[in-house]
Amino acid sequence: MKKTLFSFALAIATLSASAQEKTTDSEKTFKPVAGSFATELNFNPFKGNLSLNNSLNQIKVRYFVKDELAIRLGVHVSSRDTSINTGTPYGTQSNFVKDDRKSSTFAINLGIEKHFKGTSRLSPYLGADVTFGSRSSSQEIVNSQITYNIKNAWMQSVYTSGNPPYYVSQAVETAYRKFGLTAVAGFDFYMAQNFFIGYEFNLSYMNTKYKIPETTVTGNVQNNPAPMEGSNESSTFGTSLMNGIRIGYAF
């Protein structure tokens, strides 16, 4: 009788512990908590590539000041420096063209995300970003005894047909300043502890002011027109989607 009562009590204790363990597991959250950082990449399964996560080609970091409140930061820094040398610098009919181009780009995104309850794995959120960006461009063209120093742009001469035919200079890259505001809506789905996939939708306004190219010409400029000058401004407003699936982790 004692053995029967003992076995019955042991069975009840085992079932109670099992039920408690299942309840605890169902309440477990896979999401990051306050003090966590998160970063991510963008994966496009149709193109089979990985890239940085947004249209500004930025590295993105999030910091959770609270379990359901995160600060967003995205930074992009890049530079290009190219040099092209063509022509024949020797002989009586020597001709030599040197084209040096330099460019640097900087952009920063600062924003906030408010996460909602969702489930133990799903974390939907709303947020907003402020964007600042700029690009500087410069070029030096040496054509025999003539030198063009161009600020705020890369220019090239295009030969056009006409009577008579002539060269037209046009900008292939222009320096700018950029400002934007973006409202975001998205979700994170945690496949495992602190490892997530997600998607994001945007409604954004972006204003870009292009800088005026400035050209300084030295040497004999006869029959060698200097690059033309000009500038413009553009604004865009509308919805957009991230190009692919976000894959990231928190730590």
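All values below come from the heavy atoms of this structure, side chains included, with hydrogens, waters and symmetry mates left out. Everything numeric here is computed off the predicted structure, so don't read it as measured data.
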Atom of [X], atom of [Y] and distance for their closest heavy-atom approach:
| X | Y | result |
| --- | --- | --- |
| Leu69 | Lys114 | CD1-CA, 4.3 Å |
| Asn85 | Ser83 | OD1-OG, 4.1 Å |
| Gly248 | Phe195 | O-CD1, 3.5 Å |
| Leu126 | Ala185 | CD2-CB, 3.6 Å |
| Arg135 | Thr174 | NH2-O, 2.8 Å |
| Thr119 | Leu122 | OG1-N, 2.9 Å |

Inter-residue atom distance [X].[atom1] - [Y].[atom2], 0.5 Å rounding:
| X | Y | atom1 | atom2 | answer |
| --- | --- | --- | --- | --- |
| Ser138 | Glu214 | OG | CD | 12.0 Å |
| Asn109 | Asp129 | CG | CG | 4.5 Å |
| Thr216 | Ile150 | OG1 | CD1 | 9.5 Å |
| Gln193 | Phe30 | CD | CZ | 6.5 Å |
| Ser103 | Asp81 | OG | CG | 10.0 Å |
| Lys117 | Ser123 | NZ | OG | 13.0 Å |

Hydrophobic cluster membership, with links at side-chain heavy-atom distances under 4.5 Å among I/L/V/M/F/W/Y: are [X] and [Y] in one?
| X | Y | value |
| --- | --- | --- |
| Tyr249 | Met191 | yes |
| Ile146 | Ile84 | no |
| Val130 | Ile112 | yes |
| Val184 | Leu181 | no |
| Val33 | Phe37 | no |

Legend entry - Near-ring test Tyr199/Phe201, centroid separation under 6.0 angstrom: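 Ring centroids of Phe201 and Tyr199 are less than 6.0 Å from each other.
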
Inset, instruction - Verify whether the ring centers belonging to Phe196 and Tyr190 lie closer than 6.0 Å. - result: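 Under 6.0 Å, so yes.
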
Inset, instruction - Evaluate the ring pair (Phe, Tyr, Trp, His ring centres under 6.0 Å) criterion for residues Tyr125 and Phe116: first the C-alpha distance (whole Å), next the side-chain angles of each, then the deciding distance (0.1 Å), finally the verdict. - result: CA-CA 6 Å; Tyr125 62 85; Phe116 300 95; 9.0 Å; no

Do [X] and [Y] have side-chain atoms, one donor and one acceptor, less than 3.5 Å apart?
| X | Y | result |
| --- | --- | --- |
| Asp100 | Gln139 | no |
| Thr182 | Asn202 | no |
| Thr208 | Glu233 | no |

Inset, instruction - Taking only Lys NZ, Arg NE, NH1 and NH2, and the carboxylate oxygens of Asp or Glu, determine whether Lys31 and Asp67 approach each other closer than 4.0 Å. - result: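 Judged by the 4.0 Å cut-off on N to carboxylate O distance, Lys31 and Asp67 do not form a salt bridge.
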
Legend entry - NZ/NE/NH1/NH2 to OD/OE distance under 4.0 Å, Glu113 and Lys66: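 Judged by the 4.0 Å cut-off on N to carboxylate O distance, Glu113 and Lys66 do not form a salt bridge.
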
Inset, instruction - List the steps and the verdict of side chain to side chain contact (heavy atoms under 4.5 Å, CB included) for Ile71 and Val65. - result: CA-CA 7 Å; Ile71 296 174; Val65 294; 3.7 Å; yes

Legend entry - Any side-chain heavy-atom pair of Lys211 and Arg177 under 4.5 Å: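 Lys211 reaches Arg177 side chain to side chain.
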
Inset, instruction - Evaluate the side-chain proximity of Tyr63 to Ser36: yes if any heavy-atom separation is below 4.5 Å, no if none is. - result: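 A side-chain contact is absent here, since even the closest heavy-atom pair is not under 4.5 Å.
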
Could you tell me whether a side-chain N or O of [X] sits under 3.5 Å from a main-chain N or O of [Y], the two making a donor and an acceptor?
| X | Y | value |
| --- | --- | --- |
| Arg72 | Val61 | no |
| Thr147 | Val142 | no |
| Trp154 | Arg101 | no |
| Asn152 | Ala175 | no |

Inset, instruction - Could you check whether the rings of Phe237 and Tyr205 sit parallel, tilted or perpendicular, using 30° and 60° as the cut-offs? - result: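 Ring orientation, 0 to 90° scale: tilted.
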
Inset, instruction - Check step by step if side chain to side chain contact (heavy atoms under 4.5 Å, CB included) holds for Thr215 and Asn149. - result: CA-CA 6 Å; Thr215 305; Asn149 287 293; over 6 Å; no

Legend entry - Over 12 non-hydrogen atoms of neighbours within 6.0 angstrom of CZ in Phe189: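 Counting neighbours around CZ of Phe189, more than 12 heavy atoms of other residues, nucleotides or ligands fall under 6.0 Å, so yes.
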
Inset, instruction - Could you go through the salt bridge (charged side-chain N to carboxylate O under 4.0 Å, His left out) check for Glu140 and Lys151 one step at a time? - result: CA-CA 9 Å; Glu140 182 184 67; Lys151 181 181 178 182; over 6 Å; no

Inset, instruction - Please test Asp188 against Arg62 for salt bridge (charged side-chain N to carboxylate O under 4.0 Å, His left out), starting from the C-alpha separation and ending with a verdict. - result: CA-CA 13 Å; Asp188 301 330; Arg62 293 186 290 179; 3.1 Å; yes

Inset, instruction - Show your working on side chain to side chain contact (heavy atoms under 4.5 Å, CB included) between Ser137 and Tyr176 and close with a plain yes or no. - result: CA-CA 9 Å; Ser137 301; Tyr176 61 74; over 6 Å; no

Legend entry - Stepwise side chain to side chain contact (heavy atoms under 4.5 Å, CB included) test for Phe64 and His115: CA-CA 10 Å; Phe64 286 82; His115 288 250; 3.9 Å; yes

Legend entry - Identified side-chain contact (heavy atoms from CB on, under 4.5 Å) counterpart of His76 within the set Ile59, Ile108, Thr105: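 Of the listed residues Ile59, Ile108, Thr105, the side-chain contact (heavy atoms from CB on, under 4.5 Å) partner of His76 is Thr105.
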
